[in-house]
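Atoms considered below: every heavy atom in the structure, side chains included; atoms not considered: hydrogens, waters and symmetry mates.
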Amino acid sequence: MAAVWSGKKYKLDSSKNFDEYMTKLGVGMVTRKMGNTISPTIELIEEEGGKFKLKTTSTFKNSEIQFTIGEEFDEETIDGRKVKSVITRDGNKFHQIQKGDKLETTIDREFTPTEMTAIMKVGDIVCTRVYKVVE
Ligand code: ACD
């Protein structure tokens, strides 16, 4: 049976505390203002051999990470941090830990047939972003 996210694109529908999250990461005001107005689209693609691709596209920037569940990989985050990342999976939930020189962040993404929720944490800041299926 195909995964719930298979062949779907999820577009940002609502966002809470993203400005606080970006501030804690040290993102400047101009980029924050832009980030607050952008609604990215996210696509998760499962490839052969247990590999995954997570594509984020927007009018500002695009990003793509490739990962294997449980295997550490190097990632450059959208705000420019170079981190060591690892993603684990529990069904349709993916838990990501990003370890950088100064900060540790986590992203919990849960996919359903109609939406994806991302809970992003840094320090005591919790940012919740909900994406709805567009196709
Ligand atoms: C999403 C975007 C997730 C972004 C997560 C962490 C990035 C940290 C700071 C953002 C820096 C700048 C914000 C500008 C644009 C945001 C959207 C870019 C999409 C590629 O998953 O919703």
Side-chain angles (χ1 to χ4, degrees):
M1 206 177 80
V4 293
W5 62 80
S6 181
K8 290 179 182 155
K9 289 185 178 167
Y10 296 79
K11 191 174 172 63
L12 186 71
D13 185 67
S14 68
S15 180
K16 200 171 143 202
N17 283 346
F18 191 48
D19 195 52
E20 290 81 348
Y21 180 81
M22 290 188 288
T23 301
K24 192 85 171 184
L25 295 178
V27 177
M29 194 182 66
V30 173
T31 307
R32 288 206 317 274
K33 277 197 169 176
M34 191 157 39
N36 284 326
T37 63
I38 284 171
S39 296
T41 298
I42 289 182
E43 202 178 347
L44 181 64
I45 299 152
E46 188 164 1
E47 302 186 316
E48 293 202 355
K51 289 194 192 310
F52 288 84
K53 238 185 219 177
L54 185 77
K55 285 184 176 183
T56 306
T57 51
S58 77
T59 48
F60 171 54
K61 266 186 184 182
N62 297 326
S63 109
E64 182 174 308
I65 57 170
Q66 283 182 293
F67 61 93
T68 301
I69 298 298
E71 282 185 16
E72 189 176 85
F73 61 97
D74 292 313
E75 177 184 5
E76 181 164 349
T77 62
I78 292 158
D79 54 301
R81 283 169 296 141
K82 291 191 167 51
V83 299
K84 298 279 183 197
S85 253
V86 65
I87 298 180
T88 50
R89 177 182 179 186
D90 175 10
N92 295 326
K93 296 180 192 172
F94 293 77
H95 176 68
Q96 179 172 15
I97 302 177
Q98 300 167 314
K99 287 187 182 167
D101 287 343
K102 295 181 189 146
L103 292 171
E104 182 170 319
T105 45
T106 62
I107 307 175
D108 284 290
R109 299 181 179 92
E110 179 169 7
F111 291 83
T112 78
T114 53
E115 62 182 41
M116 189 275 278
T117 302
I119 299 173
M120 312 198 300
K121 294 182 184 166
V122 55
D124 58 351
I125 306 289
V126 180
C127 164
T128 303
R129 285 160 77 81
V130 178
Y131 308 73
K132 301 270 188 200
V133 166
V134 285
E135 60 186 78

Sub-3.5 Å donor-acceptor pair from the side chain of [X] to the main-chain atoms of [Y], do we have one?
{"X": "Thr112", "Y": "Glu115", "value": "yes"}
{"X": "Asp13", "Y": "Val130", "value": "no"}
{"X": "Lys61", "Y": "Ile78", "value": "yes"}
{"X": "Arg81", "Y": "Val83", "value": "no"}
{"X": "Lys9", "Y": "Val133", "value": "no"}

Under a 4.5 Å cut-off applied to non-hydrogen side-chain atoms, are [X] and [Y] in contact?
{"X": "Asn62", "Y": "Lys55", "answer": "no"}
{"X": "Lys51", "Y": "Gln66", "answer": "no"}
{"X": "Glu47", "Y": "Lys53", "answer": "yes"}
{"X": "Thr59", "Y": "Ile38", "answer": "yes"}

Contacts of Asp124 that satisfy side-chain hydrogen bond (donor to acceptor under 3.5 Å, both in side chains) - sequence neighbours left out: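 Counting only residues at least two positions away or on another chain, Asp124 forms no side-chain hydrogen bond (donor to acceptor under 3.5 Å, both in side chains).
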
Determine which pairs satisfy side-chain hydrogen bond (donor to acceptor under 3.5 Å, both in side chains) with at least one residue from residues 20-30, sequence neighbours left out, and list them in order.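 Sorted pair list: Thr23-Arg32.
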
Criterion side chain to side chain donor-acceptor pair (under 3.5 Å) on Gln98 and Glu104, from CA distance to verdict: CA-CA 6 Å; Gln98 300 167 314; Glu104 182 170 319; over 6 Å; no

Is the number of heavy atoms from other residues, nucleotides or ligands under 6.0 Å of Lys121 NZ greater than 12?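 No, not enclosed.
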
Check side-chain contact (heavy atoms from CB on, under 4.5 Å) between Lys82 and all other residues, then give those that pass, not counting sequence neighbours.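 Listed in chain order: Glu76.
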
Looking only at side-chain N and O atoms, does Thr56 offer a donor or acceptor that is under 3.5 Å from a partner on Glu64?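 Side chains of Glu64 and Thr56: no pair found under 3.5 Å.
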
State, to 0.1 Å, how close Tyr10 and Trp5 come at their nearest heavy-atom pair, and which atoms those are.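 Looking at all heavy atoms of both residues, the shortest contact is OH-CA, 3.3 Å.
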
